[in-house]
Each structure stands twice: as C-alpha cells, then as structure tokens.
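Input: a single structure, listed below in structure tokens.
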Amino acid sequence: MDFLWLFILYVFLLALCVSIFCFLSGRSTSGLDSVLRRAEQVISLVLPAWLQRCINSCFHTRSAAFVFLHLVLDALVFAEYTWEVLDYSLELELNWMLVFLPYFLISVNLYYFYKCCTIDPGVCGSCIQRFDHHCVWVNNCIGALNIRYFLLYLLSLTLTVASLAAVITTFLLQVVLLSHMMTAAYVDSEGYEEIASLVYVIQHLFLTFPRIVYTLGFLFLLIMFLGGYTCFLCYLSITNRTTNEWYKARGIPGSLRGYSRGILGNMKEIFQPYTRYKKER
C-alpha cells in the first residue's frame with residue numbers, strides 16, 4: 001500500500017478511536033446516547049462477560065487503567081524520541097535547548113498529573129465544591145481543590161506534545177534540506193526521469209524514518225484534541241463555569257451566562273479556592 005495512504009488511514013483510525021472514547025466517557029440522554037446503548041447491546045452479544053465487566057469498570061467506575069495507559073503512552077513516545085530523534089537532532093546540531101525542552105516539560109507535566117491523581121477534590125462519589133467532571137485519565141473527580149492542577153496539567157501536556165512535534169518537524173525539514181531532496185530526480189516505473197514531488201519526499205521519509213513519522217502523526221492528532229480541550233477549559237475558567245454546568249445547560253436559553261466575577265475574580269476562584277465555610281446563624 002502507498003505509504004501516504006497508509007499514514008492517512010492510521011491517523012483516521014486513531015482519531016476514530018479517540019472520538020469513540022470521548023463519546024463513551026461523556027454520555028448524555030441525547031439521541032447519540034440511545035445509538036450508543038443499542039451498539040452496546042449488539043456488542044454484548046459478541047463480547048465475553050469478563051471483557052464487558054472490564055470495559056464497564058474502566059468507563060463507569062474508578063479505575064487506574066487509564067492512568068496506567070497514560071504513563072505507557074508517555075513512555076513509548078519519549079522512548080522513541082530518545083532512541084532516534086535525540087541522537088539525530090544532536091548530530092544535525094539543532095538548538096540543544098529546543099531538543100531538551102520536552103524533557104523539562106514532561107517533568108512539569110508529571111508533577112501536575114500526580115497532583116490531579118492524588119489530591120482530594122472534595123470527596124469523589126458525593127457532592128463536592130465546584131464539581132467539574134470525572135476524568136478517567138487521572139482516575140479522580142475534578143473539583144475546587146484540584147481544578148487548578150488539572151488546568152496546569154492540560155497546559156503543560158499540550159506544550160509537551162507541541163515541543164516534541166516541533167523538534168521532530170525541525171529534524172525532518174533539516175534532513176530534507178541537507179539532502180537536497182526537493183531538487184532531486186528519480187526514474188519512475190516507465191523509465192522517465194521525474195523531479196521529486198512533495199508526495200515523493202513524504203514517502204521517502206516514511207521509508208527512512210517510519211517510526212518517527214508515525215509518532216509525528218500521533219503528536220499532531222494529540223495537539224488538535226488537547227489544544228481544543230485546553231482552550232475550552234480555559235474559556236470555562238475565565239467565564240466562571242464548570243464542564244458540568246456547561247453540559248447540563250446546553251439548549252436552555254440564557255443559561256450559559258454563568259456567574260462571572262470578572263476574569264481576575266474568576267481565575268482567583270480557580271487558583272485560590274474557598275476551603276473554609278462558616279455556618280450562617
């Protein structure tokens with residue numbers, strides 16, 4: 001199969017899997033929910049009972065499965081980056097600060113990831129202050145006491161992914177420029193000499209650095225999803241609303257105004273939450 005089409009298929013399947021996960025982890029009572037329920041009923045006829053129990057426990061109860069998956073994905077991406085990209089980038093004398101920036105950012109991200117996983121948001125499973133949503137990736141609810149860490153976790157993760165993609169893209173562009181690939185010629189299947197096109201260059205990079213190019217595609221997809229969700233959460237934060245409030249208020253006229261105290265006041269509620277309450281007498 002043509003490598004370019006293979007890569008497009010890979011990105012499409014990856015995006016489809018992420019989309020299905022998002023739908024399953026954020027269900028509603030809409031028409032989409034009824035479609036998913038029917039799909040579950042059909043799948044339940046095929047899947048063994050133990051596998052169905054595992055899926056339900058991952059999506060509908062507290063489970064460390066996605067925390068483990070998160071760490072595995074981090075390890076795989078950075079293993080590939082360290083094993084191939086780092087050495088190549090240093091050989092090509094790319095800016096060392098850019099090359100080592102992802103390691104600094106992932107260290108910051110893992111700190112906030114740990115805080116999101118371990119800090120009590122109020123009490124998971126009951127009423128908590130400023131309930132936002134339950135995040136399977138950190139196996140914890142997001143509430144008043146840890147939403148600031150969740151926001152910083154998302155920001156640092158987005159920056160980490162963007163820095164990895166920037167280094168890999170810079171490295172591949174440097175390879176193309178130093179090898180004069182865009183001005184090279186090749187003999188096609190009919191024996192005619194052709195100037196290398198962009199598609200030819202991309203396919204050549206696939207053949208030469210297959211794991212690096214696939215990793216780059218995965219990172220670009222993450223940037224779209226993470227960047228979009230991070231911007232959405234920042235928007236909710238500066239308008240003093242939660243994901244839960246936004247989700248429940250859709251379709252109700254005038255319900256999306258929120259209770260804004262101004263941008264600075266709203267951000268103060270995020271980073272300096274009220275932790276003590278006095279009983280009114």
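Predicted model only: the values in this text are computed from it and were never measured.
One N or O on the side chain of Ser163 and one on the backbone of Thr160 form a donor-acceptor pair closer than 3.5 Å. Using modelled atom types, one side-chain atom of Asn140 and one backbone atom of Cys116 make a donor-acceptor pair closer than 3.5 Å. Side-chain atoms of Thr82 do not come within 3.5 Å of backbone N or O of Ala79 as any donor-acceptor pair. Using a distance-only test at 3.5 Å, with no hydrogens or angles considered, a donor-acceptor pair links the side chain of Asn146 to the main chain of Cys141. With Ser156 contributing its side chain and Tyr153 its backbone, the two residues share a donor-acceptor pair below 3.5 Å.
A continuous path of hydrophobic side-chain contacts links Leu71 to Val138 [ILVMFWY only; heavy atoms under 4.5 Å]. Under the 4.5 Å side-chain contact rule for hydrophobic residues, Leu173 and Leu92 do not share a cluster.
Within a 6.0 Å radius of OH in Tyr112, other residues, nucleotides and ligands contribute 12 heavy atoms or fewer. No more than 12 heavy atoms of other residues, nucleotides or ligands lie within 6.0 Å of CZ in Phe68, so this atom counts as exposed by the packing criterion. Within a 6.0 Å sphere centred on CG of Leu73, other residues, nucleotides and ligands contribute more than 12 heavy atoms. Surrounding CG of Leu178 are more than 12 heavy atoms belonging to other residues, nucleotides or ligands, all under 6.0 Å away.
Minimum interatomic distance between Ala165 and Leu216 (heavy atoms only, all atoms of both residues): O-CD1, 3.8 Å.
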>> Pair Tyr229, Thr158 - check side-chain hydrogen bond (donor to acceptor under 3.5 Å, both in side chains), show working.
In response: CA-CA 10 Å; Tyr229 182 62; Thr158 304; over 6 Å; no
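Within the model, atoms CG of Leu219 and CD of Glu80 stand 10.0 Å from one another, a figure rounded to the nearest 0.5 Å.
In this structure, the ring of Tyr149 has its center no less than 6.0 angstrom from the ring center of Tyr114.
Counting heavy atoms from C-beta outward, Tyr111 and Ser107 have side chains that stay 4.5 Å or more apart.
Other members of a hydrophobic cluster containing Leu177 are absent, since no ILVMFWY side chain comes under 4.5 Å of it, directly or through relayed contacts.
For the salt bridge (charged side-chain N to carboxylate O under 4.0 Å, His left out) test, no residue two or more places apart in sequence or in another chain qualifies with Arg148.
With Tyr214 as the partner, the ring pair (Phe, Tyr, Trp, His ring centres under 6.0 Å) test is satisfied by one option alone out of Phe206, Phe209, Phe220: Phe206.
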